[in-house]
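Report on one structure; see the data block that follows.
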There are 2 protein chains.
Amino acid sequence: MIKPRSRRGGGRPTIADVARKAGVGAITVSRALREPERVSEELRRQIQAAVDELGYVPDPNARALASARAEVFGVLVPSLTNNVFAEVVRGIYDSLSDSPFRIQLGNTHYSGLEEERLLQLFGSQRPAALIVAGIDQTPTSRKLLENAGCPVVQVMETGPDPVDMMVGFSHFDGGRTATEHLIEAGYRRIGFIGARMDPRSQRRLAGYRAAMEKAGLFDPRLVTTTPVLSSVPLGRELFRDALAKMPTLDGVFCNNDDIALGVLFECHRAAIDVPKTIGIVGFNDLDMMQVAFPSITSIRTYRYEIGRRAVAMALAAIAGDRPQERVVDLGFELKRRESTAR
Amino acid sequence: MIKPRSRRGGGRPTIADVARKAGVGAITVSRALREPERVSEELRRQIQAAVDELGYVPDPNARALASARAEVFGVLVPSLTNNVFAEVVRGIYDSLSDSPFRIQLGNTHYSGLEEERLLQLFGSQRPAALIVAGIDQTPTSRKLLENAGCPVVQVMETGPDPVDMMVGFSHFDGGRTATEHLIEAGYRRIGFIGARMDPRSQRRLAGYRAAMEKAGLFDPRLVTTTPVLSSVPLGRELFRDALAKMPTLDGVFCNNDDIALGVLFECHRAAIDVPKTIGIVGFNDLDMMQVAFPSITSIRTYRYEIGRRAVAMALAAIAGDRPQERVVDLGFELKRRESTAR
DNA sequence: CAACGTTATGGTAGCGCTACCATTTTTCTG
DNA sequence: CAGAAAAATGGTAGCGCTACCATAACGTTG
């Protein structure tokens, strides 16, 4: 005695229901949905009609189980609220919104351990691709990525040794360019102010240092950093610390735009003239930089584009034609503004 | 002739492998993992040992298929980059990071149609709960939510008619409070400046209008809005428009803090004294408001807490004890600062 | 100590879909 | 137009897990 309808399923239509209604086999329905070109025009129409009428939506779980491959992109970022990563994530979402792929987003909180845990978890879902922020994975994470059995894109940075593919730019060069600009503009006692010194920030600092040393201007007391999460108020505080430590400061390269904005506000408050007394350069070029008063020089980065490109590369790899160049450098651009126009 | 190992699976260990190694039945392993208290201490230990040794990770797809219920929270927000929603999402992620639940995040781009499409998609995964931003779903979306067969939490706002549960605050009251504060501070020609006039913004505007009308100060020419996405540069432009339209303006209630910041910068640029000539109030109280110069009065909202609370309520409902109060109002707080200290 | 819960474990039968292969139909050769 | 290749369709057998029920091993009770 067989019950006609499953006791467990919520009564939603299955592929078998569609097949019955369309008068074809279940496999043909499956094919019509996934590779329509392999099914005759006529059947395709019949099947589509049955799908529409029943309101059939394939169960992604069953699909993943049967095909040993989920239509999921795993995405790992260190922060959800940092505008920079939010932009990357937005690029990824926009690029994938018309595809069958879902997105599994993980927040590592800048922690290598968290990253390992999430990678382990994501791996269990056999994702179609993995996109991870940064290039400094722990050895464990790196192994996990190498054995993921799917395309992997490391984003935000470029480096010499991709797990698979990379899209980003050189933070070292960014930091150096920003600092050189300050030097060229005539600033000499140029400080570095940075919060949340993740590997990318470290490389910007290294770029700053390289430029300063080359010009014979480097002094370790010019560097002010903290592991605390970056924010505008923190930028203000760090600037005050920097100024207390080094009252002759005449410029700052800020690790990011939040910090730069905090510095600008403190200058207003303390009646420090920008750019005459202090020059300010930010990093990322959030849109508020160009309307700030004075407008703030910053290193423009292409976060949204990084997300889009990462998806494009992963999609190409899934489709079988891995891009020629596995490391894509999207570069950056120095936006000169009033804050350094001495 | 049976092949000992599946030809399809990637050779990852399955529950059967664990069961064999631990010398128990597969079901017992399944139980030991999901409801450990129903398995004897001894077996539990053996099973855990086998799990660790094999590096077994349960396949969430198989699990979802077999139990007709995925351990997934569906989360729908209108924007990924708007700091406000990013904070809510962060609260959700943080609350769920130690649970077995995954998160399926969808970006509706402020579009009802997109929301319907995503709800349809998410529904096909039989999520454990749904969290959606806003209370103005289309009839179709509302029906989808009602038939989702899982707890539903509408967040960001409160209203009279929850699909299931709600966590948020009253945007109308927020708008009214902000405006009343300006009036009390002595401002009279108070403008409203808003971008991306989604339903929440509309209600803030309604609150503004109510306060203005009550004081006999309302004038439609004081209202400047645009459907364009909000940003700091846009705030600047809208303020210029508003001022051109109404040169006697002496205060502005900004729909959000980005706009307020744009207004502040324009005031600096045009040498308009804040708060003497113009008073400014923002909405949301991003952390930069308190360090801006002058610091900006804003309506503090509890975005992160909304995310946490929504998850807590959903989790309670899943566990069987639906909270008594299905609509939770987390309120807001007016933060008085220099920008309105006339 | 028989009769009855109660608790711990296991077996069977799917969940809804697709990989793999078999079969049928159509289209192309020479 | 026979014969072969190609295209279109279908059947079977799982994917890895858990719901459901059955069974076994324990107490409890009168």
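Residue numbering restarts at 1 for every chain, and letters A, B, ... go by the order of the sequence lines.
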Do the charged groups of A/Arg45 and A/Glu42 touch, with an N to O distance under 4.0 Å? no
Between C1' of C/dC15 and CD1 of A/Ile15, the distance in whole Å: 14 Å
Let me know the distance between CD1 of B/Ile27 and P of D/dT23, rounded to the nearest Å. 16 Å
For A/Gln154 and A/Gln137, test the side chains for any donor-to-acceptor distance below 3.5 angstrom and give the result as yes or no. yes
Side chain of A/Ala66 only, heavy atoms from C-beta on: which candidate in C/dA19, D/dT18, D/dC15 is closest? D/dC15
Rounded to whole Å, CG of A/Asp59 lies from P of C/dT18 at a distance of 10 Å
Nearest heavy atom decides the nucleotide; on that basis, is B/Val24 or A/Glu35 closer to the 5' end of DNA chain C? B/Val24
Whole-Å distance separating the CG atom of B/Asn61 from the P atom of D/dC17: 10 Å
Which part of the nucleic acid does B/Arg34 contact within heavy-atom distance under 4.0 Å: base, sugar-phosphate only, or nothing? sugar-phosphate
Which residue lies toward the 5' end of DNA chain C, B/Ala62 or B/Val29, if each is placed at its nearest nucleotide? B/Val29
C/dT26 P sits how many Å from A/Leu43 CG, rounded? 12 Å
Here the distance between atom P of C/dC17 and atom CZ of A/Arg63, to the nearest Å, is 8 Å
Considering all heavy atoms of both residues, which atom of A/Leu330 and which atom of A/Tyr302 are nearest to each other, and what is their separation? O-CD1, 3.6 Å
Examine D/dC17: is either OP1 or OP2 under 4.0 Å from a nitrogen or oxygen in the side chain of B/Ser30? Give yes or no. no
Report yes if a donor N or O on one partner sits less than 3.5 Å from an acceptor N or O on the other, where the partners are the side chain of A/Arg31 and the base of D/dG10; otherwise report no. yes
Looking at B/Ser40, I'd like to know whether one of its side-chain N or O atoms comes within less than 4.0 Å of OP1 or OP2 on C/dA8. no
A/Glu35, CD atom: more than 12 neighbouring heavy atoms under 6.0 Å: yes
In whole angstroms, how far is the P atom of D/dG14 from the CG atom of B/Leu65? 17 Å
Looking at side-chain heavy atoms only, is the closest gap between A/Ser79 and A/His109 below 4.5 Å? no
Nearest-angstrom distance from the residue atom CZ of B/Arg69 to P of D/dT18: 15 Å
Per atom distances to the A/Thr28 side chain, the nearest of D/dT9, C/dA19, D/dA19 is D/dT9
